[in-house]
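Below: one structure, written as structure tokens.
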Amino acid sequence: MDAYYSQPIAKGNTYKLLDNTADIHPTKNSPFKVVIVGDSGCGKTSLFTSYIRGYFPTDYEPTIFENHRAFVQSQTNEILTVDLWDTAGQEDYERIRRLSYQDANVVILAYSLDAKDSLLNIPEVWAPEIINFCPNTPIILAGLKSDVAEYKVDPYDAMKVAQNIGAVAHVPCSAKQMYNVEELFDACFNVVYNGKKVTPGSPSKRTSGHFRSHSKQNSITKSLNSITEGIRRRKNVEREPERVEESPGRYQDDYEVREPDFGYDNNYTRVEEKSGCCVIT
Ligand SMILES: Nc1nc2c(ncn2[C@@H]2O[C@H](COP(=O)(O)OP(=O)(O)OP(=O)(O)O)[C@@H](O)[C@H]2O)c(=O)[nH]1
């Protein structure tokens with residue numbers, strides 16, 4: 001695994017996912033936001049499921065938007081609230097996905113080791129989108145489905161891509177075999193915390209620039225959930241019109257997805273962050 005890292009960030013702390021969340025009070029912590037993006041079908045949802053739930057899902061259902069909350073404990077017993085944002089790889093949901101980038105602490109940029117196009121799309125599609133919408137957010141490139149018998153992607157080509165897009169790490173992993181899954185998420189936390197104490201407290205006291213207000217995140221999540229619900233309901237209307245009692249058109253205009261205006265231009269430009277987390281050339 002080490003050979004595929006551009007920087008040895010995963011050598012920092014390890015974080016244990018907590019099963020029993022009954023005694024945890026999330027308001028004490030600012031959530032740590034991890035967003036995953038990548039081609040449709042490359043394995044993003046399965047990765048999150050295998051990390052949070054500990055099993056590999058057998059059904060495939062294209063994601064529109066999903067949000068999961070988890071709690072992890074560092075080796076020094078500090079608890080971190082983690083929000084995992086699963087996005088749609090499908091072009092149809094591009095506008096929703098773009099809203100997910102806001103205030104991300106880390107972006108996992110995923111490709112599948114059994115789909116060459118999914119790697120080609122990293123510099124063509126995904127990296128420019130991330131740079132556009134969250135230019136200062138560290139990127140971790142994740143090569144999913146590392147269990148497949150035949151790789152369509154040379155891991156060393158992927159390593160080059162990782163360096164070219166300024167990813168802080170490249171992690172090949174398998175949700176199916178639970179290979180490197182925990183290491184990938186440890187890497188996410190270590191990008192920000194490496195060696196630093198995880199302390200609950202006011203987001204404004206943070207200096208990394210990657211912590212934002214809890215309430216703002218909650219309102220983004222609520223609005224994305226309602227958009228997603230609207231889409232799901234409209235899809236059901238299309239698929240099963242006989243079960244709809246009210247006007248079938250009622251969900252068509254019940255939300256408006258606006259392109260976020262974060263004040264960045266649309267070009268794929270060189271972005272350097274002082275912390276050295278994200279350097280794009
Ligand atoms: N062999 C293998 N197959 C996997 C792995 N992870 C996911 N898959 C399969 O890949 C397909 C797509 O997986 P998803 O996790 O739904 O993919 P996704 O990237 O979330 O797809 P979208 O929601 O369309 O963006 C499913 O049939 C999974 O069973 C893995 O680690 N190994």
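Whatever order the structure lists them in is the order used to number ligands and atoms, beginning at 1. Any value given below was found using the heavy atoms of this structure, including those in side chains, with hydrogens, waters and symmetry copies removed. Computed from a predicted structure; not experimentally measured. All residue numbers refer to positions in the sequence shown, counting from 1.
- Considering only non-hydrogen protein atoms, atom 17 (O) of ligand 1 sits nearest to G43 N, 3.2 Å.
- For F189 and F32, the distance between ring centers is under 6.0 angstrom.
- Distances between N or O atoms of G89 and those of ligand 1 include at least one value under 3.5 Å.
- Across all non-hydrogen atoms, the minimal contact from I165 to A127 is CG2-CB, 3.6 Å.
- How far CD1 of I36 is from OG1 of T45: 8.0 Å, rounded to the nearest 0.5 Å.
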Begin from the C-alpha positions of V107 and W126 and carry the test side-chain contact (heavy atoms from CB on, under 4.5 Å) through to its verdict. CA-CA 11 Å; V107 176; W126 297 109; over 6 Å; no
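- Nearest protein heavy-atom contact of atom 32 (N) of ligand 1 is D147 OD1, 2.7 Å.
- Ring geometry, F185 versus F48: the interplanar angle falls from 30° to 60°, so the pair is classed tilted.
- Atom 8 (N) of ligand 1 has K145 CE, 3.5 Å as its closest protein atom, hydrogens excluded (heavy atom only).
- At the shortest separation from atom 23 (O) of ligand 1 among protein heavy atoms lies T63 N, 2.7 Å.
- Nearest protein heavy-atom contact of atom 31 (O) of ligand 1 is A175 N, 3.0 Å.
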Working for side-chain contact (heavy atoms from CB on, under 4.5 Å), residues V148 and Y151: CA-CA 7 Å; V148 292; Y151 283 9; 3.8 Å; yes
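- If you number the atoms of ligand 1 from 1 as listed, the ones under 4.0 Å from a heavy atom of S46 come out as 6 (N), 7 (C), 13 (O), 14 (P), 15 (O), 28 (C).
- Distance check, rounded to the nearest 0.5 Å: NZ of K33 to OG1 of T137 gives 9.0 Å.
- Ligand 1 has D39 within reach: a non-hydrogen atom of the residue lies less than 4.0 Å from it.
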Could you check R97 against E129 for salt bridge (Lys or Arg N to Asp or Glu O under 4.0 Å), going step by step and ending with a plain yes or no? CA-CA 10 Å; R97 187 183 60 246; E129 182 172 296; 2.8 Å; yes
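- Closest protein heavy atom to atom 22 (P) of ligand 1: G41 N, 3.6 Å.
- Scanning the protein heavy atoms around atom 26 (C) of ligand 1, the nearest turns out to be Y60 CB, 3.9 Å.
- Across every non-hydrogen atom of A115 and V153, the tightest pair is O-CG2, 3.9 Å.
- Of the polar atoms of C42, at least one N or O is found under 3.5 Å from an N or O of ligand 1, judged by distance alone.
- At under 3.5 Å, not a single nitrogen or oxygen of A88, backbone or side chain, sits near a nitrogen or oxygen of ligand 1.
- Protein heavy atom at the shortest distance from atom 29 (O) of ligand 1 is F56 CZ, 3.4 Å.
- At under 3.5 Å, not a single nitrogen or oxygen of Q90, backbone or side chain, sits near a nitrogen or oxygen of ligand 1.
- Residues L17 and Y15 share a hydrophobic cluster, clusters being chains of Ile/Leu/Val/Met/Phe/Trp/Tyr side chains in contact below 4.5 Å.
- Distances below 4.0 Å separate heavy atoms of S174 from the following atoms of ligand 1: 31 (O).
- Residue contacts with ligand 1: D86 is placed with no nitrogen or oxygen under 3.5 Å of a nitrogen or oxygen of the ligand (distance criterion only).
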